[in-house]
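Quick caveat, the model's predicted, so the values are computed rather than measured. For ligands, and for the atoms within them, numbers begin at 1 and follow the listed sequence.
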Amino acid sequence: MTRKPIIVGNWKMNNDLHETRALLSDIHDRLASKSAQVDVGVAPPATFLAVAGEILADDLILLAAQNVHYADSGAFTGEVSPRMLKSLGVDLVIVGHSERRHYFAETDELVNRKVKAALSVGLVAIVCVGETLEEREAGQTLEKVSTQVRGAFDGLSAQQASTIVLAYEPVWAIGTGRTATPEQAQEVHRALRDLLTELYDAPTADAIRIQYGGSVKPHNAESLLSQPDIDGALVGGASLKGDAFEAIVNAALSNA
Ligand code: PGA
């Protein structure tokens, strides 16, 4: 099965309004014409999603949120609901990023509630999983990511599961300049697809796109994206520069 590659830039908590507008326009200019072959998305901070929705209104570059609450509305000071995101033209939402899990104590159960809430309004969830360095060195990588996937997908039908984008992001590779080798990443991606086959069935597991994330840069993107079970990338630092992000999208294109 050929899966359409998906490259998403996670901008995290960077840039002010002016810088955000400029980067959005730059990325649109560079990459909108490639949207037929590669899904390209950007995830600005929540406060800029409205303006991003206007700049990206033609929907050639997908708009992603970095986080979402699980409730539709209510007394949750500081939070943003799935329905609010949907009304801004948001297409995707990152759920369970390791920084959310680490700094904001997000559990697998909370991730699961957020995934279900996102799906209920038609948002595509990008579900992040990954092991710490300690866990990798203790030989617990597959156990850790399997537990996270089982938690995130709990109660989802095969049809719902097939819409999810899974992101394997080893915590030790995020923002460190240290990338998993293509072989290390492929091994985990293959194991994740086997787990999805066990949880659902082969066609569902085949349909789910699995991104790699963690220090993806122009120089390593091609070797990672050429692996059979790596269907895209979730890019942090390198997505804040139009030329670097374009180079990563081009690497996906050459494998598409
Ligand atoms: P990085 O971040 O590319 O800066 O390592 C990746 C991520 O956190 O999604």
Asker: Considering distance alone, does some N or O of Gly213 sit under 3.5 Å from an N or O of ligand 1?
Answerer: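 No, no N or O pair falls under 3.5 Å.
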
Asker: Counting only heavy atoms not in Glu109, do more than 12 sit closer than 6.0 Å to its CD atom?
Answerer: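 Incorrect, the count does not exceed 12.
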
Asker: Go through ligand 1 atom by atom and flag the ones less than 4.0 Å from a non-hydrogen atom of Ile174.
Answerer: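 Under 4.0 Å from Ile174, ligand 1 has these atoms: 2 (O), 5 (O), 8 (O).
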
Asker: Quick one: does Ala173 get within less than 4.0 Å of ligand 1, heavy atoms only?
Answerer: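 The answer is yes, since Ala173 has a heavy atom less than 4.0 Å from ligand 1.
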
Asker: Scan Val93, Leu88, Asp91, Leu92 and name whichever one has a side chain to side chain contact (heavy atoms under 4.5 Å, CB included) with Leu63.
Answerer: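 Filter result, single survivor: Asp91.
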
Asker: Is the closest heavy-atom distance from Gly214 to ligand 1 below 4.0 Å?
Answerer: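 It does; at least one heavy atom falls under 4.0 Å.
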
Asker: Any N/O of Gly175 closer than 3.5 Å to an N/O of ligand 1?
Answerer: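 By distance alone, the answer is yes.
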
Asker: Pick one: which of Glu106, Glu169, Gln66 meets side chain to side chain donor-acceptor pair (under 3.5 Å) with His97?
Answerer: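 Only one option passes, and that is Glu169.
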
Asker: Under the side chain to side chain donor-acceptor pair (under 3.5 Å) test against Asp229, which residue among Gln186, His189, Arg209 passes?
Answerer: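 Result for side chain to side chain donor-acceptor pair (under 3.5 Å) with Asp229: Gln186.
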
Asker: Salt bridge between Arg150 and Asp108, side-chain N to carboxylate O under 4.0 Å?
Answerer: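 Salt bridge flag = no for Asp108 with Arg150.
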
Asker: At a 4.0 Å threshold, what atoms of ligand 1 neighbour a non-hydrogen atom of Gly237?
Answerer: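 Listed by number with element, the hits are 1 (P), 3 (O), 4 (O).
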
Asker: Just to confirm my output: which protein heavy-atom neighbour is closest to atom 7 (C) of ligand 1, and how far is it?
Answerer: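 Protein heavy atom at minimum distance: Glu169 OE2, 3.2 Å.
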
Asker: Look only at interatomic distance and state if Thr176 has a nitrogen or oxygen under 3.5 Å from any nitrogen or oxygen of ligand 1.
Answerer: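 No, no N or O pair falls under 3.5 Å.
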
Asker: Between Arg30 and Asp26, is the closest basic N to carboxylate O distance under 4.0 Å?
Answerer: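 Salt bridge: yes.
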
Asker: Considering only heavy atoms of Asn10, which atoms of ligand 1 have at least one such atom less than 4.0 Å away?
Answerer: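 The atoms of ligand 1 under 4.0 Å from a heavy atom of Asn10 are 9 (O).
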
Asker: With a 4.0 Å cut-off on N to O distance, would you call Asp231 and Arg193 a salt bridge?
Answerer: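 Yes, this pair counts.
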
Asker: Would you mind running through ligand 1 and noting each atom that sits below 4.0 Å from a heavy atom of Ser215?
Answerer: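 Result: 1 (P), 3 (O), 5 (O).
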
Asker: Please report the closest heavy-atom contact between Ile174 and Ser98, naming both atoms and the distance.
Answerer: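 Closest approach of Ile174 to Ser98, heavy atoms only: CD1-OG, 3.3 Å.
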
Asker: Contact between ligand 1 and His97 is defined here as a heavy atom of the residue under 4.0 Å from a ligand atom; is it met?
Answerer: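 A heavy atom of His97 does come that close to ligand 1.
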
Asker: Starting from atom 6 (C) of ligand 1, which protein heavy atom do you reach first, and at what distance in Å?
Answerer: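 Ranking protein heavy atoms by distance from atom 6 (C) of ligand 1, first comes Gly236 N, 3.5 Å.
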
